[in-house]
Amino acid sequence: MNAYDVLVAAVKSELSKALSAAGFIGYSLGNEVTMPERGQCDLASSVAFKAARAAKKTPIEIAAQICSKMGKVRYVREVKAENGFINFYLDRSAFSAAVISEVLAKKSGITTSTSGNGEKVIIEYPSVNPNKPWHIGHLRNALIGDTVSNLYAACGYSVEREDYIDDMGLQVVENVWGVMNLRGMPAKKYDHWLGEMYVEVNRRMEDKEVKEQIGNLLTLIEQGDTYEAKFAREMAEQCVSAQRQTAYAYGIYHDVLIWESDIMRSRLLETALGKLAKTGVLHRESEGDYNGCTILDLKKAGKLPSSMQGLKGSVKVLVRSNGTAVYAAKDIAFHMWKFGMVDNPFRYRLSERQPNNVELYMTSADGEKREYGRVNVAVNIIDMKQAYEQNVVKLALSLAGKSDAPESMVHLAYNVVELEGGAFSGRKGTWVGYTADDLLSEGKARAERLVTERLKMSGSEKEGVICAVALAAIKFEMLHISPERKIVFSWGKALTFEGLSGPYCLYMHARAARILENADAAAGPTDCSQLATDEEFRLVKLIAKCGEIVEKARSEHRSNVLTDYAGLLAAAFSKFYERYSVIEAESEELKSARIALVQAFKYALGGSLSLLGIRPLDRM
RNA sequence: GGGCCUGUAGCGCAACUUGGAUAGCGCGUCUGGCUUCGGACCAGUAGGUUGCGGGUUCAAAUCCCGCCAGGCUCACCA
């Protein structure tokens, strides 16, 4: 427990006693004690309003009554009843000293919370089809996935970062036809080259003969052991390899890639459907609209969640009449694997060692056995359009015996990134000029102009700063918007360098770094009782809340909780910075106390930015 | 038709899951501030019937009901 947790727990406990002493029994204080963002006090409780109702007295009377029964609480200087609220005023020097010394000792503002208890969680992102480059919508997915993974790891979970590669869909097959029949050698980055070819193939599909050839190709590829299937896998691997260059440029990494062709090859699908069949909800139709199909009979599934009601005929086809499986069926099988409901049938081989020095493995026809999956929690970063499919999977898992599937399988549904003209189309190629690679080059170009006019730096250091600033701008912008909200893309919005933005946070971090550099004082024994001003204490309170914020962002799967916090923290520092001097403080004691505060701030902001995938800078 | 998401200042967003004090923040507007630890900054100003209408409550942007507008979804596509 950190100082903040200790404080809140102590306040609740004392408040609880005071309530009993005043004759109020049975009031839960779950969310009744908060540290308000604004307002005069440091902690507040509104429990008197609830008690007043039962007692048929005014909240003002009750608050005063409770207040009079309050005993002494550590870090609390004064308790006052105001407007029916019970307000707590902290002993600034004691609380500041506790918070700052704690952060400096840990050398981290981030909680070492163990709420996860080493529980295993698998996080899936961004699962882009291996036939085109990432566009900015895919990037949103990847950035959310990276941050959510970081958050789980920070909260003590054991995290597996996984990417699903659908190398058997029609999209890939169309490209196989293109590579076999159209131009020869790739003239640019392979994923871009394939993506543009895909647009071309789609134009040619209006030709009946081409369409037929592609249909035949699909059949050959689905057979699994054909020349065409191997060709498709090789092409897809080359594309994934190019896409990973984009991922690395953005600092996105994974532990394992799961290939759909391996799900098929390993007969995981048959195992999974067999398991589902035992429940009696799986049905092979011999007449009607679904003659020859294997269906999931939702009428037999008991009461359906509201999100699953109103679909055609209460039936979900899992296996088509031609014997091939639909996407949802593969996903059901895959999730049975994730949760360890079936034996691990995969073999893996090393794909590469990533720039962050973590080995990346992928499923493969041959290779070694490795332990992935068998997790307690699975988080899927998937477009909200797929909510229905995700619910089908959840339902199937529940029916197959995973009764906690609705909780342990999390669909982190995010909304699309669109252009002003509308959604991206892979087929029409509206993504051209709006790939993740394009965004980063444009960001770097703009950052370079800014950096060049501000400070003199040498080649490689300058390059590093330009890249970091561009990434900070892009990531902060994408992550500060609630996932369920649509983003309409514009260059200006995506690449903001001013106001509450990624670069603003970096800038405050760099300012703090420069103070510490100039202060040259090794932080000796520090008397934080010197820190009493509003600006200083506001910073202390924000630093204190860091752990709570990280836990909240994780449990709600909302990256914007973290960006908001980082922004508030940076702004609070800026105000402190404007108003007070550290190096030229009025006394040596004050100076060393402020140095400690700046150092604690730097840890808290740097830690928050790192969780957002933004590398903090000491100079920029 | 069923389901999901969105609607908050000129623009972009936060707060809604867990009701609480004067609905915050950024951009833009207007007015100021560098002899200063880095101005990618700060201080101040103007701008709101939180889509509409009911209800619950001491208290509603938040919860409930009914509308309106926009988007998505309900495939033998993935």
Side-chain angles (χ1 to χ4, degrees), chain A residues 30-32 34 36-41 44-46 49-50 52-53 58-59 82-85 87 127 129 166 168-172 260 289-295 305-312 316-322 324-328 330-331 383-389 391 413 415-416 418 423 447 450-451 454-455 469 477 480-482 484-488 490 492-493 496-501 503-508 510-519 555-556 558 560-561 563-564 567-568 571 574-575 577-585 594 598 619-620:
Chain A
N31 296 300
E32 289 300 336
T34 55
E37 218 38 82
R38 303 185 68 75
Q40 62 282 33
C41 66
S45 171
S46 58
F49 289 93
K50 269 145 202 153
R53 184 192 170 103
T58 69
E82 292 168 314
N83 283 332
F85 290 87
N87 290 339
S127 303
N129 282 339
D166 176 7
M168 292 189 71
L170 186 62
Q171 295 203 3
V172 169
E260 184 163 311
D289 291 346
Y290 301 110
N291 187 13
C293 298
T294 302
I295 60 149
S306 66
S307 56
M308 305 236 2
Q309 288 164 11
L311 69 163
K312 190 177 162 194
K316 176 69 192 172
V317 171
L318 293 185
V319 182
R320 303 182 187 100
S321 53
N322 70 1
T324 59
V326 303
Y327 172 77
K330 297 169 193 171
D331 219 20
D383 191 334
M384 61 195 290
K385 285 178 193 167
Q386 296 192 39
Y388 171 72
E389 290 280 350
N391 282 323
N415 210 330
V416 291
E418 284 186 356
L450 204 56
V451 171
R454 269 166 223 276
L455 65 165
V469 169
E477 175 58 30
H480 96 277
I481 295 172
S482 299
E484 65 275 6
R485 195 185 270 268
K486 182 173 81 180
I487 296 178
V488 178
S490 77
K493 262 192 295 170
T496 309
F497 299 104
E498 292 167 348
L500 274 189
S501 63
Y504 174 91
C505 293
L506 286 187
Y507 185 58
M508 294 310 151
R511 276 176 153 184
R514 182 50 71 91
I515 290 177
L516 297 173
E517 197 182 311
N518 291 339
S555 65
E556 295 180 5
R558 300 179 77 82
N560 63 307
V561 170
T563 51
D564 288 354
L568 282 176
S574 185
K575 286 170 176 106
Y577 180 95
E578 288 292 326
R579 181 106 197 240
Y580 303 103
S581 175
V582 175
I583 309 287
E584 303 295 328
R594 284 189 180 153
V598 171
R619 296 171 65 94
M620 62 186 282

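Chain letters run A, B, ... following the sequence lines, proteins first, then strands; residues in each count from 1.
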Checklist outcome for this item: Taken to the nearest whole Å, CG/A:Leu170 to P/B:C76 is 16 Å
Checklist entry - What is the distance from CG of A:Asn129 to P of B:A78, rounded to the nearest Å? => result 11 Å
Item to check | Pairwise C1' distance for B:G39 and B:G32, with rounding to whole Å | outcome: 14 Å
Next on the checklist: Tell me the interatomic distance from A:Arg511, atom CZ, to B:U36, atom P, rounded to whole angstroms.
Outcome noted: 14 Å
Item to check | Proximity to the side chain of A:Lys385 - top-ranked nucleotide from B:A78, B:C41, B:C72 | outcome: B:C72
Checklist entry - Looking only at heavy atoms, what is the nearest atom pair of A:Ser321 and A:Cys293, with distance? => result N-SG, 3.6 Å
Next on the checklist: Distance check, rounded to the nearest 0.5 Å: A:Ile487 atom CD1 versus A:Lys493 atom NZ?
Outcome noted: 7.5 Å
Checklist entry - What is the distance, rounded to the nearest whole Å, between atom CD of A:Glu556 and atom C1' of B:C16? => result 11 Å
Item to check | Spatial distance of atom CD1 (A:Ile583) from atom CG (A:Asn518) [nearest 0.5 Å] | outcome: 5.5 Å
Checklist entry - RNA chain B: A:Tyr504 or A:Ala387, which has the more 5' nearest nucleotide? => result A:Ala387
Checklist entry - With a non-hydrogen cut-off below 4.0 angstrom, is A:Val451 in contact with a base, only sugar-phosphate, or nothing? => result base
Checklist entry - What is the nucleic acid contact for A:Pro59, judged by heavy atoms within less than 4.0 Å: base, sugar-phosphate only, or nothing? => result nothing
Checklist outcome for this item: Output for pair (A:Glu37 CD, A:Leu568 CG), nearest 0.5 Å, gives 5.0 Å
N/O contacts under 3.5 Å, protein versus nucleotides 11-15 of chain B?
| unit_1 | atom_1 | unit_2 | atom_2 | d |
| --- | --- | --- | --- | --- |
| B:C13 | O2' | A:His480 | NE2 | 3.4 |
| B:A14 | OP1 | A:Ser482 | N | 2.6 |
| B:A14 | OP1 | A:Ser482 | OG | 2.4 |
| B:A14 | OP2 | A:Arg485 | NE | 2.5 |
| B:A14 | OP2 | A:Arg485 | NH2 | 2.8 |
| B:A14 | O2' | A:Asp564 | OD2 | 3.2 |
| B:A15 | OP1 | A:Asn560 | ND2 | 3.3 |

Checklist entry - Would you say B:C77 has OP1 or OP2 under 4.0 Å from some side-chain N or O of A:Tyr327? => result no
Checklist outcome for this item: For B:C63, the nucleotide meeting Watson-Crick or G-U wobble distances (both under 3.5 Å) is B:G55
Next on the checklist: Which nucleotide, if any, forms a Watson-Crick or G-U wobble pair with B:G1, using both distances under 3.5 Å?
Outcome noted: B:C74
Would you tabulate the pairs of protein nitrogen or oxygen atoms and nucleotide nitrogen or oxygen atoms of nucleotides 43-48 of chain B closer than 3.5 angstrom?
none

Checklist entry - Which part of the nucleic acid does A:Val469 contact within heavy-atom distance under 4.0 Å: base, sugar-phosphate only, or nothing? => result base
Checklist entry - Between B:C63 and B:A15, how far is it from one C1' atom to the other, in whole Å? => result 16 Å
Checklist entry - If you look at every strand shown and take non-hydrogen atoms under 4.0 Å, does A:Glu389 touch a base, only sugar-phosphate, or nothing? => result base
Checklist entry - Looking only at atom P, what distance separates B:G3 and B:C65, rounded to whole Å? => result 11 Å
Next on the checklist: Taking the C1' atom in each of B:G2 and B:G47, what is the distance between them to the nearest angstrom?
Outcome noted: 42 Å
Checklist entry - Who pairs with A:Val561 by side chain to side chain contact (heavy atoms under 4.5 Å, CB included), at least two apart in sequence or on another chain? => result A:Ile549, A:Lys552, A:Ala553, A:Glu556, A:Arg558
Item to check | salt bridge (charged side-chain N to carboxylate O under 4.0 Å, His left out) against A:Lys486, all qualifying residues, sequence neighbours excluded | outcome: A:Glu418
Next on the checklist: Measuring to OP1 and OP2 of B:U36, would you say a side-chain N or O of A:Tyr577 lies under 4.0 angstrom away?
Outcome noted: no
Item to check | Side chain of A:Asp166 - closest among B:C76, B:A78, B:C41 | outcome: B:A78
Checklist entry - Could you go step by step and tell me if A:Val172 and A:Asp166 meet the side-chain contact (heavy atoms from CB on, under 4.5 Å) rule? => result CA-CA 8 Å; A:Val172 169; A:Asp166 176 7; over 6 Å; no
Checklist outcome for this item: Heavy-atom nearest pair, A:Arg514 first then A:Arg619, reads NH2-NH1, 3.0 Å
Item to check | B:U22 versus B:U50 - spacing of their P atoms, nearest Å | outcome: 15 Å
Checklist outcome for this item: When rounded to whole Å, the CZ to C1' distance for the pair A:Arg320 and B:A75 reads 10 Å
Checklist outcome for this item: Pairing partner of B:G24, by Watson-Crick or G-U wobble and under 3.5 Å for both distances, is B:C13
Checklist entry - What is the distance from CD of A:Glu578 to P of B:G38, rounded to the nearest Å? => result 12 Å
Next on the checklist: So A:Arg579, base contact, sugar-phosphate only, or nothing? Heavy-atom distance under 4.0 Å.
Outcome noted: nothing
Checklist entry - How far does CG of A:Leu318 sit from OG1 of A:Thr324, to the nearest 0.5 angstrom? => result 11.5 Å
Item to check | Reading 5' to 3' through nucleotides 20-25 of chain B, protein heavy-atom contacts under 4.0 Å coded B for base, S for sugar-phosphate only, - for none | outcome: BB--SS
Checklist entry - Considering only the P atoms, how many Å lie between B:C64 and B:G24, rounded to the nearest integer? => result 25 Å
Checklist entry - Of all the nucleotides listed (B:A78, B:C37, B:C76), which has the minimum atom distance to the side chain of A:Glu260? => result B:A78
Next on the checklist: At 4.0 Å (heavy atoms only), tell me whether A:Asp331 reaches a base, stays on the sugar-phosphate, or touches nothing.
Outcome noted: nothing
Checklist outcome for this item: Between the CE atom in A:Met620 and the CZ atom in A:Arg511, the distance rounded to the nearest 0.5 Å is 10.5 Å
Checklist entry - Does a distance-only test, which skips hydrogens and angles, find a donor-acceptor pair under 3.5 Å between the side chain of A:Ser574 and the base of B:C42? => result no
Next on the checklist: Is there a salt bridge (Lys or Arg N to Asp or Glu O under 4.0 Å) between A:Glu389 and A:Lys316? Walk through the geometry before answering.
Outcome noted: CA-CA 10 Å; A:Glu389 290 280 350; A:Lys316 176 69 192 172; 3.2 Å; yes
Next on the checklist: Within the 4.0 Å heavy-atom criterion, would you say A:Val582 contacts the bases, only the backbone, or no part of the nucleic acid?
Outcome noted: base
Next on the checklist: So, using ring-ring contact (aromatic ring centres under 6.0 Å, His included) as the criterion, who are the partners of A:Phe49 when residues are at least two apart?
Outcome noted: A:Phe85
Checklist entry - Considering only the P atoms, how many Å lie between B:G48 and B:A9, rounded to the nearest integer? => result 10 Å
Checklist entry - What pair of heavy atoms forms the shortest contact from A:Tyr504 to A:Gly499, and how long is it? => result CB-O, 2.9 Å
Next on the checklist: Please find the pair of heavy atoms, one from A:Val326 and one from A:Val317, that lie closest to each other, and give the distance.
Outcome noted: CG2-O, 3.2 Å
Item to check | Separation between the P atoms of B:C30 and B:A46, rounded to whole Å | outcome: 15 Å
Checklist entry - Within this structure, what is the CD1-to-C1' distance between A:Ile295 and B:C76, rounded to whole angstrom? => result 12 Å
Checklist entry - Is there a side-chain polar atom (N or O) of A:Arg514 under 4.0 Å from OP1 or OP2 of B:C37? => result no
Checklist entry - Closest approach of A:Met168 and A:Glu260, non-hydrogen atoms and distance? => result CB-OE2, 3.8 Å
Checklist entry - Just how far, in rounded Å, is P of B:G26 from CE of A:Met508? => result 12 Å
